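Here's the structure, in structure tokens; my notes come after.
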2 protein chains.
Amino acid sequence: MSKQKRDAEATKAKIIENSMMLFSKNGFDATTVDEIANVSDVNKALIYYYFKNKAGLYEIVMNEVLSAIYTKVIEANKICKSPIDELEAFIKTYADFANKQPYFPALLLRELSDNGAHIPQMMFSSMRRLFKLLSEILQRGEKEGIFNNVIPMVIHFMIIGTVNLLVTTAPLRKKAAQMTDEINTCSDCPMDEISDYIFKKIKIMLEVK
Amino acid sequence: MSKQKRDAEATKAKIIENSMMLFSKNGFDATTVDEIANVSDVNKALIYYYFKNKAGLYEIVMNEVLSAIYTKVIEANKICKSPIDELEAFIKTYADFANKQPYFPALLLRELSDNGAHIPQMMFSSMRRLFKLLSEILQRGEKEGIFNNVIPMVIHFMIIGTVNLLVTTAPLRKKAAQMTDEINTCSDCPMDEISDYIFKKIKIMLEVK
DNA sequence: TAATTAACTAACTAGTTAGTTAATTATATA
DNA sequence: TATATAATTAACTAACTAGTTAGTTAATTA
């Protein structure tokens, strides 16, 4: 392997990586193409050479992230023996991913609160795949008499919503913890303890007594 | 009452009202001061005459919204007899407000996913008041032996997160319902039925068996 | 090694946006 | 009724930003 001065794939990957970081941190509008170029140490025009435009780059970034999480969730799902196992895997895999890729929940929340202004179609179907998986787990559980009174859409948002808020507010909560003594903002609970708590609570909530 | 050509208070209120609508719909960055001025039928400079700058206007708008919701929740809380009543009132009042003021959840999500970039301090303390109230309800319930194994921060985000996602995705879900037959996105469940479901499920989740 | 292509850049354009200035109009008050 | 003051505007600027163009340099191939 010769050390190359030019490596298109690596450059492209670098641009995507930095875009992901910046879009997640600052959102679509507040991220400038100039900024992406500077951070990535490439000329701005190169971004237009590789990607159609800013929205096109954004779409690729989102696609990459959403595919990654879907793959992980599916992977974790494969080795499960029961709907309860599957529910646990779903929650913990999602939480773990969101925690390790902490920009992702912010991106997702922002995009949802924009009504998918920037990437309507793709976003949409990616999120649907994830929801469909959980939906099937819950309905299977209900058929088997393990769960009862399930509204999958609400349970899905309960999981996604809770995890996303916990991850996105983590820095804010850390700051709050230093300021006040009275309120416990859970600022040093590790994510795997929290996700275990969420799973156990949702299990209680759904299980037939 | 004479019909005036000039009414500073009314003009100011009009600007705030339209700002709230636009900021909520499009976020801070994507809302332009020109747009606010046009919609409000005033000259842009008037906005700078009344408000320090764009961020100052945004802060006032946010303050107004957050105070309104806090007032409603406190009001509903007053007539409650038990922690379970209080929990029910908290969830349903918040959900009702979010549903009637459907831009608010989007604003909140966006602001949280920005780490409070635009209005750090005020936003912060407004959200804390709301959390403190729920926190006290839950801890009182735990002391009275009604609830068990409560982590208020997680329960708070479970409520806020679920409601916010349901409200912000409502138009998206409606669109999805037309496209596919297989997945039930809860697109025509009325909010008060959903908030009742959320309350009942969270009650089960927290109550001592 | 010459020709061709792929990777990359400097410098620009056209359009947008927050914020300002200096002037104008309406209203209250002396 | 004159005048001060509060409300409002037209017209501007400085800074920024998405996207383009015309060109350069490195790598590949004939």
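What you see is a predicted model, and the numbers here were worked out from it, not measured in a lab. Proteins come first, then strands; the chains are lettered A, B, ... in the order of their sequence lines, and each starts at number 1.
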### Task
Find the distance between CG (B:Leu134) and CZ (B:Phe157) and round it off to the nearest 0.5 Å.
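It is 11.0 Å, given to the nearest 0.5 Å.
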
Is it true that the side chains of A:Tyr94 and A:Asn164 contain a donor and an acceptor less than 3.5 Å apart? yes

- Message: Checking side-chain polar atoms at under 3.5 Å, does B:Asp192 have a donor or acceptor matched by the opposite partner on B:Tyr197?
- Response: no

Does A:Lys72 have more than 12 heavy atoms from other residues, nucleotides or ligands lying within 6.0 Å of its NZ?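 No, NZ of A:Lys72 has 12 or fewer neighbouring heavy atoms, counting only those of other groups under 6.0 Å.
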
Q. Between A:Phe23 and A:Phe28, what is the ring plane arrangement, given parallel below 30°, perpendicular above 60°, and tilted in between?
A. parallel

Lys/Arg-Asp/Glu bridge criterion (N-O < 4.0 Å) met for [X], [Y]:
{"X": "A:Asp96", "Y": "A:Lys100", "answer": "yes"}
{"X": "B:Glu59", "Y": "B:Lys52", "answer": "no"}
{"X": "A:Glu86", "Y": "A:Arg140", "answer": "yes"}

Numerically ordered, the residues 15-22 of chain B set in heavy-atom contact under 4.0 Å with DNA chain C is none

task: Under 4.0 Å from any atom of DNA chain C, heavy atoms only: list the residues of residues 41-53 of chain B that qualify, in numerical order.
output: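 Contacting residues: B:Lys44, B:Ala45, B:Tyr48, B:Asn53.
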
Separation of atom [atom1] in [X] from atom [atom2] in [N], rounded to whole Å:
{"X": "A:Asp29", "N": "C:dA18", "atom1": "CG", "atom2": "C1'", "answer": "15 Å"}
{"X": "B:Asp34", "N": "C:dA18", "atom1": "CG", "atom2": "C1'", "answer": "8 Å"}
{"X": "A:Asn38", "N": "D:dT17", "atom1": "CG", "atom2": "C1'", "answer": "13 Å"}
{"X": "B:Lys54", "N": "C:dG19", "atom1": "NZ", "atom2": "P", "answer": "8 Å"}
{"X": "A:Phe28", "N": "D:dT17", "atom1": "CZ", "atom2": "C1'", "answer": "12 Å"}

Check your understanding: Can you find a side chain N or O atom of B:Thr11 that sits less than 4.0 Å from OP1 or OP2 on D:dA7?
Key ->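 No, outside the criterion.
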
| When you measure from the side chain of A:Thr185 to the backbone N and O of A:Ala176, does any donor-acceptor pair fall under 3.5 Å? | no

Say whether, by atom type as modelled, one donor and one acceptor occur between the side chain of A:Asn18 and the main chain of A:Lys14 under 3.5 angstrom.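 It does hold such a pair.
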
*asked:* Base of D:dT8, side chain of B:Arg6 - is there a donor-acceptor contact under 3.5 Å?
replied: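 By the distance-only test, no, there is no pair.
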
- prompt: Do A:Thr162 and B:Ile155 have side-chain heavy atoms sitting under 4.5 Å apart?
  reply: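 No - every pair of side-chain heavy atoms lies 4.5 Å or more apart.
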
For DNA chain D, the expected dot-bracket line (Watson-Crick or G-U under 3.5 Å, [ ] crossing, | inter-strand) is ||||||||||||||||||||||||||||||

